[in-house]
Protein chains: 2
Amino acid sequence: MAQSVRGPRERMVFSAAQLIRRDGVAATGMREVAAHAGAPRGSLQHYFPGGKEQLVNEAVDWAGRYAGKRVDRFLAALDEPTPGGLFAEMVRQWTDEYETAGFAGGCPVAAATVDCAESTASTRAAAAAAFAGWTGPVAAALTDMGVPEERAGALATLMISALEGAILMARAECDVRALTTVARELGPLLDAAVREAG
Amino acid sequence: MAQSVRGPRERMVFSAAQLIRRDGVAATGMREVAAHAGAPRGSLQHYFPGGKEQLVNEAVDWAGRYAGKRVDRFLAALDEPTPGGLFAEMVRQWTDEYETAGFAGGCPVAAATVDCAESTASTRAAAAAAFAGWTGPVAAALTDMGVPEERAGALATLMISALEGAILMARAECDVRALTTVARELGPLLDAAVREAG
DNA sequence: GGGCTACTATGACCGCTGTCATAGTCGGGT
DNA sequence: ACCCGACTATGACAGCGGTCATAGTAGCCC
């Protein structure tokens, strides 16, 4: 959330991600992004000669890297790392936001997928890369915890799928119920995967 | 998929759902819906005086009811119904579509949530209702299979969350991998819930 | 037939969007 | 002083969006 005082370019990418996750790609205007970033409108065509497509792709990319880095921070925060604990932490990031800031925003990668998967190939690819850059660290964390390598990837996919779906339901219902539910139900399954291996 | 030769009104709702799940709500135009439904443009304001908002809401509603009914049909197709089998069937509907028709479409309810949750309260509510009308039958089916009532709802939420998330990932990756993965990983957990109870 | 309702058919309007074109400013190098 | 690159600033444009207004047609009841 801290946007620091980075260059205007980075601020615009960040703002784009924020607006996209709130309103979707199509409903987010370029002028709006510039205004939100406090950047001059003219900078858009300067920094993003590829137009909206480029800006959206970079926003998706940014979101993917952010999610990946976030995983490492979660791991550092857990004194006894378990798969279920990691998942609970991932979910808690969202319940915290929804409880303090309201249900305004979803996942920008999900928004890009829904809005652009069919129409804009490059954005679809960016979304796939973002998911990959998120699943990777999660899977790596699972193997570090003792989950067999061949299952770590699958469980990481399951975790992120369940999380994304629960985000959708939570936003629709304006209730974190779905999020807490998937965390509670999936936790034991995830922890069992390390016990089996040990 | 069989649209039969229902009235133009129903055809437009159906077409709206189809276009929304492909391109998102914002990118779907009213004129486009009419054209896709083979309906006259003038009928839009006749049948949907509430404008696009009403049309979208009805499309979401339709999708929710369709998903709910679909559950019953899945149950009828399974000779020995198990939670994991039901989930596998739900997932298979999507893998089948993606393998035969390509990754063009997602879930219209997810699209409506992403595009309208913040901007259009009534559509957000329609999406919540659609999720409820989908989760309900699934939970009921689980209790019929012997899952304790207090867990059936939670597992239904987990199933739909995982499915929705996997749909997103599958579309982004143009690969059914995520779908088959969640089906494989979640199946045993779901089946265990009935065994525990018995 | 007259009239009424349901539905269809267009055309126009206004707002907004992404993009282009053009020109301006600013700072540094030489 | 000069130039040049990076960046900013506007204005215009063409297209498309949803919506309104208005008029036309079809069928049915009395």
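Values below: every heavy atom of this structure, side chains too, minus hydrogens, waters and symmetry copies.
Closest to the R31(A) side chain, of the nucleotides dG18(D), dT19(C), dC7(C), is dT19(C). Which of dC20(D), dC7(D), dG18(C) sits closest to the side chain of Q45(B) comes down to dC20(D). When the nucleotides dT8(C), dG17(D), dG18(C) are ranked by their closest atom to the side chain of K52(A), dG18(C) comes out on top. Ranking dG17(D), dT8(C), dT19(C) by closeness to the Y47(B) side chain, first place goes to dT8(C). The nucleotide whose nearest atom lies closest to any side-chain atom of R41(B) is, among dG18(C), dC7(D), dA12(C), dA12(C).
Using cut-offs of 30° and 60° for the angle between ring planes, the Y98(A) and W94(A) rings count as tilted.
If you take NE2 of H46(A) and P of dT19(C), they are 17 Å apart, rounded to a whole angstrom. Between the CG atom of D23(B) and the C1' atom of dC16(D) there is a distance of 15 Å, given to the nearest Å. Between the C1' atom of dC20(C) and the CE atom of M30(A) lies a distance of 12 Å, rounded to the nearest Å. In this structure, the CG atom of L55(A) is 14 Å from the C1' atom of dT17(C), given to the nearest Å. In this structure, CD of Q54(A) is placed 14 Å from C1' of dG18(C), rounded to the nearest angstrom. Between the CE atom of M12(A) and the C1' atom of dT8(D) there is a distance of 11 Å, given to the nearest Å. The CG-P distance, from L44(B) to dG17(D), rounds to 13 Å in whole Å.
Residues D115(B) and G24(A) share a closest heavy-atom pair of OD1-CA, 3.9 Å.
A donor atom on one side chain and an acceptor atom on the other are not found under 3.5 Å apart for T28(B) and D23(B).
Here E97(B) pairs with R21(B) in a salt bridge; the nearest charged N to carboxylate O distance falls below 4.0 Å.
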